[in-house]
Amino acid sequence: MAGEHGNPPSYPAEGGGEEQVMSEVHLGCPPYHTGPHISHFTISLPPRDEDSLDSARGKVYEVDEDGDLILTRRRNAPKDSFVISIQHNITSSIPRVGLQVWRAELVLADFVLHMTYKSSDFDGIVAIELGAGTGLVGMLLARFANTVFITDKGDEVLENCAKNIDLNAGIFHRRASIYVRELDWNHPSPEVVVNSPSMQSFFLQPSYTFSRLHQLKISINRKSLGLYSFGWSTSEVEELQRVSLLLAADVIYSDDLTDAFFCALEAVMSNSPDKVN
């Protein structure tokens, strides 16, 4: 997940290291907090009965003097809701902004939730998220999609994303498969590191399936073998050609990155004409 548009708050690094930036989502948190932090987000699902829908439609919303909505915080979690836990950093350097939760990530997550309850278009699909960061959007999509490729660049970001999938195993639907894979936009064709299906389960990590009572199928961490952890198998590259939904949020903040992003879009979308983004 790339940084917010504009200039997020920045802080000089302690000890003369890289400059740290902070997402607007984390404002109010200690700026020099180090290491991962776990936040818990309560996701409220739309009402299903007509009476509740009519009540929601008839609700009057107030605005302040600037025209912004006045939102009243709920005292208790709504009946139809679930909690998703996200491990993230409070601050990060620019190359590691995928370790934070950004506002656009929450907006895209809200869009995915809206679409999944408004229609069945996302049910059973194969999808990919580019610049996924913490993996929040891809994980919500895995409540309905059959296969989700959650992609980003760099082992630290990808390992954090894999940890978040592990934390939230119970929210995905039973047949969901989630793959955390590296996709370098400067070289957008996935690097195949395992050709044999029989070797895939031994070498590739982390891929997850939930077909048996949400039990994770997690293979050996290839880092312990000194091998690349987030590469692609031949079968996954073939599955990538079936992608019909491509998602990305707030991933453009420099000219070079913009060019690379569109190269990645072209590479992914050229495999099939049936993409929705």
- Message: I'd like to know if the side chain of T134 pairs up with that of Q87 as donor and acceptor (distance under 3.5 Å, no hydrogens or angles considered).
- Response: no

- Locate the shortest heavy-atom distance separating F230 from V180; write the atom from each residue and the value. CD2-O, 3.4 Å

- Grab the two heavy atoms, one from W185 and one from A264, that are nearest each other, plus how far apart they are. CD1-CB, 3.7 Å

- Rounding to 0.5 Å, atoms CG (L141) and CE (M115) come to a distance of 11.0 Å

- Message: More than 12 heavy atoms of other residues, nucleotides or ligands under 6.0 Å from CG of D255: yes or no?
- Response: no

- Output yes when a side-chain donor or acceptor of T147 lies under 3.5 Å from a complementary backbone atom of S177, and no otherwise. no

- Item | For A109 against L140, the heavy-atom pair lying closest together | CB-CD1, 3.5 Å

- Message: Would the distance check show the side chain of D152 and the main-chain N or O of L158 forming a donor-acceptor pair, the cut-off being under 3.5 Å?
- Response: no

- Do other residues, nucleotides or ligands put more than 12 heavy atoms under 6.0 Å from the CZ atom of F41? yes

- Mind checking whether V126 and V237 sit in one hydrophobic cluster, side chains of I, L, V, M, F, W, Y counted as touching below 4.5 Å? yes

- Among pairs that include at least one residue of residues 130-145, which meet salt bridge (charged side-chain N to carboxylate O under 4.0 Å, His left out), considering only residues two or more places apart or in two chains? none

- When rounded to the nearest 0.5 Å, the distance separating NE2 of H40 from OG1 of T42 is 9.5 Å

- Does one hydrophobic cluster hold both V25 and F111, with members joined at side-chain heavy-atom distances below 4.5 Å? yes

- Message: Tell me if the centroids of the rings in Y179 and W232 come within less than 6.0 Å of each other.
- Response: no

- Any sub-3.5 Å donor-acceptor pair from E236's side-chain atoms to S233's backbone N or O? yes

- So OG of S254 and CG of D256: to nearest 0.5 Å the spacing works out to 5.5 Å

- Item | same_hphob_cluster(I43, V101) at 4.5 Å side-chain heavy-atom cutoff | yes

- Would you say L167 and I178 are hydrophobically clustered, going by side-chain heavy atoms of ILVMFWY under 4.5 Å? no

- Task: From the options V107, L108, V97, select the one residue that forms a side-chain contact (heavy atoms from CB on, under 4.5 Å) with W102.
- Result: V97

- Query: If you look at every heavy atom in S81 and S44, which pair is closest and at what distance?
  - Reply: CB-CA, 4.1 Å

- CD (E156) and CD (E159) are apart, to the nearest 0.5 Å, by 8.0 Å

- List in chain and number order the residues that pass ring-ring contact (aromatic ring centres under 6.0 Å, His included) with H37, two or more places apart in sequence or in another chain; answer none if no residue qualifies. H33, H88

- Message: Hydrogens and angles aside, do Q100 and S23 bring a side-chain donor and acceptor to less than 3.5 Å of each other?
- Response: no

- Report whether L240 and F262 are members of the same hydrophobic cluster (ILVMFWY, side-chain heavy atoms less than 4.5 Å apart, transitive linking). yes

- Evaluate the criterion side-chain contact (heavy atoms from CB on, under 4.5 Å) for residue pair V21 and T91; output intermediate values, then yes/no. CA-CA 5 Å; V21 296; T91 63; over 6 Å; no

- Query: Do N89 side-chain atoms and L99 backbone N/O form a donor-acceptor pair below 3.5 Å?
  - Reply: no

- Could you go through the side-chain contact (heavy atoms from CB on, under 4.5 Å) check for M139 and F172 one step at a time? CA-CA 7 Å; M139 288 190 291; F172 312 121; 3.6 Å; yes

- Separation between CZ of F149 and CG of L247, rounded to the nearest 0.5 Å: 14.0 Å

- Task: Taking all non-hydrogen atoms of both residues into account, name the closest pair between C161 and I150 and its distance.
- Result: SG-CG2, 3.4 Å

- With S93, which residues qualify under side-chain contact (heavy atoms from CB on, under 4.5 Å), at least two apart? E18, Q20, P95, R96

- Message: Below 30° counts as parallel, above 60° as perpendicular, anything between as tilted: where do the rings of F144 and Y117 land?
- Response: perpendicular

- Evaluation steps, side-chain contact (heavy atoms from CB on, under 4.5 Å), between V148 and I128: CA-CA 6 Å; V148 180; I128 183 172; over 6 Å; no

- Could you please spell out the steps behind the side-chain contact (heavy atoms from CB on, under 4.5 Å) verdict for I84 and L136? CA-CA 8 Å; I84 188 166; L136 171 61; 3.6 Å; yes

- Task: Heavy atoms only: give me the nearest A142-A176 pair and the separation to one decimal.
- Result: O-CB, 3.5 Å

- Query: Is a side-chain N or O of S120 found less than 3.5 angstrom from the main chain of D123, in a donor-acceptor match?
  - Reply: no

- Query: Is there a donor-acceptor contact under 3.5 Å from the side chain of N168 to the main chain of N164?
  - Reply: yes

- Message: Using 0.5 Å steps for rounding, measure from the CG atom of L106 to the CD1 atom of I86.
- Response: 9.5 Å

